[in-house]
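Working notes for the structure below.
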Protein chains: 2
Amino acid sequence: MTASGTLKMICSLGRVGSLVLRVAQMTSSAVSMAVLFIDGDVDLHAAFSYEIAAMSFLLVWSSALVCLDVYSLKEHRNVQTPKLLRSIVIGDWLSFFLSLSAACSSAGVLILYTHDLHYWQTHTTPILYCEISTAVAFTVTGFVFVSASVTFITLASSD
Amino acid sequence: MTASGTLKMICSLGRVGSLVLRVAQMTSSAVSMAVLFIDGDVDLHAAFSYEIAAMSFLLVWSSALVCLDVYSLKEHRNVQTPKLLRSIVIGDWLSFFLSLSAACSSAGVLILYTHDLHYWQTHTTPILYCEISTAVAFTVTGFVFVSASVTFITLASSD
């Protein structure tokens, strides 16, 4: 079996792998936001506000898909209908581009602060929190990429 | 014929549409870099240096593909071999993610400058140049996305 076939078998919609991925997305996006809120200085930076908006969308989106996966696993129902898969592919790729752009813009601002403006010496703790949040946002992006690819492969092979 | 079929017929590797797209990518990435260099204050900002690096890569990549398209159109040779298409798909998607991340990080820094730090009043001209450069970088990302999608569709239907 090819790598994409194995990935599809384990992680496609309604399987345990998909549930694990969605739970990982949900918790990571919540952690990414929570770390920024600990700092308490979030509303100052538009880039981090955008990251919070993207992570909020991702939290809602992945929570809905966790519910769908749990329903499918509990009731032993096949939820892989082409119509549903098509909607999820669109939502997943939208989430992917949203979280990638948010993580990249936050990283750009962080590098400006630490590398160019040398805020690292005077604002060590807030910058550390922002760095953790951005790193987690990149991790979320990775998880969403895997989910989006698997759903796309499932849709392509079901059509 | 479907939309993807029409797009494939016009813009696939070795066609006039592909050449037009590659020339647009080449000139846009050159313009995006040139606008930043006019400012003369580029090396101060790591985010814009990353944009310059991404646009340089894109300039080299699209120039190589312009040569390939010109060769194919002039010599009436079919260059759509699976091996070549596979390499171009990888290169195109790499360019896409590279230019998207560069454009997003530049946009993050620019929003920080204009929205949060209110540099707009004191540094109107340099910020205007950076805004033009970032907007052009987003346009390049759009062009690369079209090229990458068409090459992917061509590869998928040729396998």
Side-chain angles (χ1 to χ4, degrees), chain A residues 2 4 36 41-54 86 89-90 93-120 123 126-127 130-131 133-135 137-138 141-142 144-145 148-149 152-153 155-157 159, chain B residues 2 4-5 36 41-54 86 89-90 93-94 96-120 123 126-127 130-131 133-135 137-138 141-142 144-145 148-149 152-153 155-157 159:
Chain A
T2 58
S4 64
L36 276 181
D41 201 22
V42 173
D43 54 352
L44 274 176
H45 313 308
F48 295 115
S49 309
Y50 178 50
E51 192 188 314
I52 290 172
R86 221 166 283 148
V89 162
I90 294 168
W93 283 105
L94 193 76
S95 314
F96 170 67
F97 286 119
L98 204 67
S99 56
L100 181 68
S101 58
C104 289
S105 63
S106 297
V109 171
L110 263 177
I111 290 169
L112 180 86
Y113 272 137
T114 50
H115 184 269
D116 302 317
L117 303 177
H118 305 289
Y119 271 25
W120 177 251
H123 297 74
I127 286 193
C130 292
E131 279 182 344
S133 171
T134 309
F138 273 112
T141 310
V144 178
F145 182 72
S149 305
F152 181 73
I153 293 167
L155 178 67
S157 55
D159 269 354
Chain B
T2 58
S4 64
L36 276 181
D41 200 22
V42 172
D43 53 353
L44 272 177
H45 313 309
F48 296 114
S49 309
Y50 177 49
E51 193 188 313
I52 290 172
R86 223 167 282 146
V89 162
I90 295 168
W93 283 105
L94 194 75
F96 171 67
F97 286 119
L98 205 65
S99 57
L100 181 69
S101 58
C104 287
S105 63
S106 298
V109 171
L110 263 179
I111 290 169
L112 181 86
Y113 272 138
T114 51
H115 184 269
D116 302 318
L117 302 179
H118 305 289
Y119 271 24
W120 177 252
H123 297 75
I127 286 195
C130 292
E131 279 182 342
S133 171
T134 309
F138 273 111
T141 309
V144 179
F145 181 71
S149 304
F152 180 73
I153 293 167
L155 177 68
S157 56
D159 269 353

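Each chain gets a letter, A, B and so on, in the order its sequence line appears, and its residues count up from 1.
Note: A:F97 and B:F97 have parallel aromatic rings, judged against thresholds of 30 and 60 degrees for the angle between ring planes.
Under the side chain to side chain donor-acceptor pair (under 3.5 Å) criterion, A:S133 pairs with A:S32, A:E51, sequence neighbours left out.
Dense packing is recorded around CZ of B:F138, with more than 12 heavy atoms of other residues, nucleotides or ligands lying under 6.0 Å away.
Contact tally against chain A (heavy-atom pairs below 4.5 Å) for B:A103, B:S106, B:G108: the top residue is B:G108.
Considering all non-hydrogen atoms of both residues, A:S105 and B:C104 come closest at CB-O, 3.3 Å.
Within the model, atoms CG of B:L112 and OH of A:Y113 stand 4.5 Å from one another, a figure rounded to the nearest 0.5 Å.
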